[in-house]
Enquirer: 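The structure follows.
Quantities reported herein were computed from a predicted structural model and do not represent experimental measurements.
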Amino acid sequence: MPEISAFAVLFAAVFTNNILLTNYLGMCSFLVVSREVKTSAGLGGAVIFVMTATSAINWIVYYKLLIPLQLEYLRFIVFIVVIAAFVQLVEMIIERVSETLYAALGIFLPLITVNCAILGISLFMVIREYSFLQSLGFGLGGGIGWALAILAMAGIRQRLASRSRIPRGLEGAGITLIIAGTMALAFMGFNGMVNLQ
Amino acid sequence: MPKGEAKRIFRNNLGAENPVFAQILGICSTLAVTNVVENTVVMCLGLVFVLTLSNTVISALRKWIPSRIRMMVEVLVIASFVIMVDIALRAWLPDISRQLGPYVGLIITNCIIMGRAEAFAMNNKPWPSALDGLSSGLGYSYVLLAIAFARELLGAGSVWGIQLLGRDNIFAAAWLEGWTNWSIMVMAPGAFFMLALFIWIVKGLWIKPGEQKGCAQCRK
């Protein structure tokens, strides 16, 4: 897809093709962690950083290593190993460099390896045949979109917890899914601004 | 394996500890592939295959896996089975493979598989682990099929591509012609609402308070 600018891809990944609200990726941690704004912000920040970096690394690995060697079918294993290794490395570096940053981000990093949004971004990037810059925009935009969704959800859930009575069967996951559905409806209002497919 | 163990595993995984509505695991694919029944069936078969075999292999290897790197080993075992599924789908069902897109690869990060490997396969013998994988997979599958059935029927008026409602329905019944598709059901919000409704009904009617378990894998 050479005709779309990287900035348009970034914009689309945040609003029209939000990774969480239109592709349902990263739901597990989204449902569990979105109880408080503070922890959501921490996880959101970690996701933005890891998603941008791994989409760039995976692009280089896929196009400069796997394709020349004709090992495309190994991409699932290679991508997940790159993500896990990167997360481990970042955790170690942060622990050495900054104690406060580790306290804020450190506990979220292991969660990220199994966050399907990170792997999903790399797989979409390969399927849609993005260039390097587009992939970078896609990774950054995907991260920002995910962080935006979880922050909005945490804000809503904090208010909900203190003020309203929820039917027993809907407590927890049920009500969160209904709110996510309503948010997805709202995000559909952005449709047509940029077309990715 | 003690007598009745197999029955207990099946009953738990299909009912009170169902991976989707009781443990809230594997939600991504539950939402993403359920707009058409046909894709859902293929996805469920793939997941049951990967879950059963990865559980068996991880359980067989459990004494040799060092606990520090066990997550990595588990992911590698799971990923190799997912690659098999991906190659098989591309060879035999190229259309469906294209429609499922990245969601086949995302079976790797489907938390049901990691969850069962951590919670069951690491502490049990291979044969019960295989049964546990199979029953968890089936528990996941019937929830997905129920949701996909409702979404395709309401959203497109059809089931497995066969038109049941609206124009040109197979019954040739005039009173069904006036059906209007709820296009919201095949789009993203419909998936969220449908799953929430399903969880509400099941939890409200079936599972008593205090009995349900949270998503152990995600909370770590």
Enquirer: Mind checking the CZ-OG1 spacing from A/Phe79 to B/Thr109? Nearest 0.5 Å is all I need.
Expert: 13.0 Å

Enquirer: Is it true that, when you exclude B/Trp200 itself, more than 12 heavy atoms of the residues, nucleotides or ligands shown sit nearer than 6.0 Å to its CH2?
Expert: no

Enquirer: Pick one of side chain, backbone, both or neither for B/Ile184, based on which atoms fall under 4.5 Å of a heavy atom in chain A.
Expert: side chain

Enquirer: Give me the atom names and distance for the closest heavy-atom approach of A/Gly181 to B/Phe192.
Expert: CA-CB, 3.5 Å

Enquirer: Answer with side chain, backbone, both or neither: which region of A/Leu119 has an atom nearer than 4.5 Å to a non-hydrogen atom of chain B?
Expert: both

Enquirer: Give the interface residues of residues 74-95 of chain B toward chain A, defined by a heavy-atom separation under 4.5 Å.
Expert: B/Val75, B/Leu76, B/Ala79, B/Ser80, B/Val82, B/Ile83, B/Asp86, B/Ile87, B/Arg90

Enquirer: Need one label for B/Met187: side chain, backbone, both or neither, based on atoms under 4.5 Å from any heavy atom in chain A.
Expert: both

Enquirer: Measure A/Ile175 against the heavy atoms of chain B and call it side chain, backbone, both or neither at under 4.5 Å.
Expert: neither

Enquirer: Would you find more than 12 non-hydrogen atoms of other residues, nucleotides or ligands less than 6.0 Å from A/Phe7 atom CZ?
Expert: no

Enquirer: Is the shortest heavy-atom distance from the side chain of A/Tyr24 to the side chain of B/Val33 under 4.5 Å?
Expert: no

Enquirer: Ignoring hydrogens, what is the shortest heavy-atom contact between B/Ala188 and A/Ala184? Give both atom names and the distance.
Expert: CB-CB, 4.5 Å

Enquirer: For chain B, which of A/Ala173, A/Ala180, A/Gly174, A/Ser122 has the most heavy-atom pairs under 4.5 Å?
Expert: A/Ala180

Enquirer: So which of B/Ile108, B/Leu106, B/Ile199, B/Leu197 has the largest heavy-atom pair count under 4.5 angstrom toward chain A?
Expert: B/Leu106

Enquirer: What part of A/Leu170 lies closer than 4.5 angstrom to a heavy atom of chain B: side chain, backbone, both or neither?
Expert: both

Enquirer: Name the region of B/Tyr103, side chain, backbone, both or neither, that has any atom closer than 4.5 Å to a heavy atom of chain A.
Expert: side chain

Enquirer: Between A/Val126 and chain B, with a heavy-atom cut-off of 4.5 Å, which part of the residue counts as in contact: side chain, backbone, both or neither?
Expert: neither

Enquirer: Sort A/Met183 into side chain, backbone, both or neither according to what part of it lies under 4.5 angstrom from a heavy atom of chain B.
Expert: neither

Enquirer: Report the distance from atom CD1 of B/Ile27 to atom SG of A/Cys116, rounding to the nearest 0.5 Å.
Expert: 10.5 Å

